[in-house]
Protein chains: 2
Amino acid sequence: MGTQTIKATCVNCNVRQLCLPVGLSSLELEEIDSLITARRRIKHNAALFQKGERFSSLYAIRNGFFKTCVTSADGLGRVTGFPMAGEMLGFDGIVNDRHICDAVALEDAEVCVLPLDLLEKLSLKVNPLHRHIHIIMSREIVREHDVMLMLGGMRSEERLAAFLLNLVDRLHARGYSRSELILRMTRKEIGSYLGLKLETVSRTFSRFMVERIVEVKHRHIQILDADALRQIVDQSSSL
Amino acid sequence: MGTQTIKATCVNCNVRQLCLPVGLSSLELEEIDSLITARRRIKHNAALFQKGERFSSLYAIRNGFFKTCVTSADGLGRVTGFPMAGEMLGFDGIVNDRHICDAVALEDAEVCVLPLDLLEKLSLKVNPLHRHIHIIMSREIVREHDVMLMLGGMRSEERLAAFLLNLVDRLHARGYSRSELILRMTRKEIGSYLGLKLETVSRTFSRFMVERIVEVKHRHIQILDADALRQIVDQSSSL
DNA sequence: CGCCGCATTGACGTTCGTCAAGTCTAGTGG
DNA sequence: CCACTAGACTTGACGAACGTCAATGCGGCG
């Protein structure tokens, strides 16, 4: 089993164009590699971290697909995001030194562990890194911003259309088709993320099928008319 | 008019316990003061920055009350936050070098201008500052996180209750009453923030009055039963 | 093969949005 | 000082969108 011990580095990572090291020189890249103290494999349905857990590190997803969710007191939880390979997790934990949500793998996954204090030390040396962290956090702020706008002002069709377009765009940036995708999450999880009940998600999918906008076969989605989806998103109601 | 030129510094700022300098030594505090190149006075209804405007600086609110909003294509906009004295603005602009929303003063206000590149340079010298920026951005991520949960899963009463409690808490941290407040925004702006129509906001206020939970006289709010409000928030519907 | 979780579909109820009328308030100018 | 007005707010009647409850279908896994 010697092949299993091939060192996983940023250099041989297939999402290095999307992840933390974008725009760094190969020298700087090695510095980052040196800071990654560990990688963790997370099995399907296992948690990378959980609400209340002590914060110490950020995580970069090397491969796999996650959901972030809060499992509220009443038992049921709410999904707040679906991060995928090349994206970073854990920023919620910095402010109070504890994570405020769970991160659960929706398929077997692997992440790079980035201890924040090491990252901060390193960014004293590697100058672009400094700005880089700010950019990634700003991106997360903007992402949540967009979700807020969606949740506050869109109706079910608009939400689901925006959701599908967002997913397929991000997948396309990772080399996948821009018209086909496999959903890694249940209708309930989609609904939770979109602020809808699972039945509404299901009905809306059905409506899209009738209108020949998408082809839905359980979790396999084919986008037949991306322009129609974009049009639906754009007509998002005022408020 | 000599008194007008008194230098405004962090040292004599009455929100220094809440703002960027928390936890810094007086020496470090002076460093921060040296980095604040300018202060800006923003008149009621004027914009501190606007969507599309080039990003260069973060802003710390010295006094006054703002709303952040996106004025969408269709004319009407959506409010995404109500930052107040001691809080920071502008993180949305870092990622794409342009602001993605407007920041508008809801009363005459004054802000400290913090150019990001100077801030980054300074945090090479002043070590705690480094972590501090991360904490403040993390706080913003968590704040938006909470808004997402509200917008996705709460009904009108729960949203308004959460809104009032949040406002009064933040005002209390600034030395104001924990049971009385003056709303600086219209019903429409509240509704926009909460994902509700202004009529619904008005009706919900009325219901709270009937139940003797709050006393509402236009924009003057008196909280009669904070526990009842907290109870309403806690029973937020599942999903 | 049978079970169980996920998904779809239908009938019905609730909540909130829409439309509209009318009130209140602060600000303006005679 | 007061009438006038515009904008903010309140309230009511109605309708649309989504949630709720329930029955049924489907597929994967032991």
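The chains referred to below are lettered A, B, ... by the order of the sequence lines, with proteins before strands, and numbering in each begins at 1.
Each of D:dA8, D:dT10, C:dA7 was ranked by its minimum atom distance to the side chain of A:Arg187; first place goes to C:dA7. The A:Lys197 side chain lies nearest to D:dT20 when the options are D:dT10, D:dT20, C:dG17. Of the candidates D:dC9, D:dT10, C:dT8, C:dT8 carries the atom nearest the A:Leu198 side chain, counting heavy atoms from C-beta on. Side-chain atoms of A:Glu199 lie closest to C:dT9 of the nucleotides C:dT9, C:dT25, C:dC6. Considering only side-chain atoms of A:Ser206, the nucleotide from C:dT9, C:dT18, D:dT10 that sits closest is C:dT9.
Taking 4.0 Å as the cut-off between side-chain N and carboxylate O, A:Arg54 and A:Asp97 count as a salt-bridged pair. Salt bridge status for A:Glu53 with A:Arg98: absent, with no side-chain N to carboxylate O gap under 4.0 Å. At a threshold of 4.0 Å, the pair B:Arg174-B:Glu87 counts as salt-bridged, since one of the basic side-chain nitrogens sits closer than that to a carboxylate oxygen. With salt bridges taken as basic N to acidic carboxylate O contacts below 4.0 Å, none links A:Arg143 and A:Asp146.
Whole-Å rounding puts the B:Leu151 CG to C:dC16 C1' distance at 15 Å. The CZ atom of A:Arg159 sits 13 Å away from the C1' atom of D:dG19 (whole-angstrom rounding). A:Leu160 places its CG atom 11 Å from the P atom of D:dC18, with the value rounded to the nearest Å. Counting to the nearest Å, the P atom of C:dT14 and the CG atom of B:Leu196 are 20 Å from each other. Between the NE2 atom of B:His44 and the C1' atom of C:dG27 there is a distance of 14 Å, rounded to whole Å. For the pair B:Leu194 CG and C:dG17 C1', the computed distance is 15 Å after rounding to whole Å. Taking atom NZ of residue A:Lys188 and atom C1' of nucleotide C:dC6, one finds them 11 Å apart after rounding to whole Å. In this entry the distance linking CZ of A:Arg155 with C1' of C:dG17 reads 11 Å, nearest Å.
Within the 3.5 Å criterion, the main-chain N or O of A:Val113 finds no donor-acceptor partner in the side chain of A:Ser57.
An OP1 or OP2 oxygen of D:dG19 is reached within less than 4.0 angstrom by a side-chain nitrogen or oxygen of A:Thr200. Distances shown here put every side-chain N or O of B:Arg219 at or beyond 4.0 Å from the OP1 or OP2 atom of D:dA8. Within the 4.0 Å cut-off from OP1 or OP2 of C:dC6, not a single side-chain nitrogen or oxygen of A:Thr186 is found. Taking side-chain N and O atoms only, B:His218 has a distance below 4.0 Å to OP1 or OP2 of C:dT25.
If you find the closest nucleotide of DNA chain D to A:Arg203 and to B:Ser202, the one lying nearer the 5' end belongs to B:Ser202.
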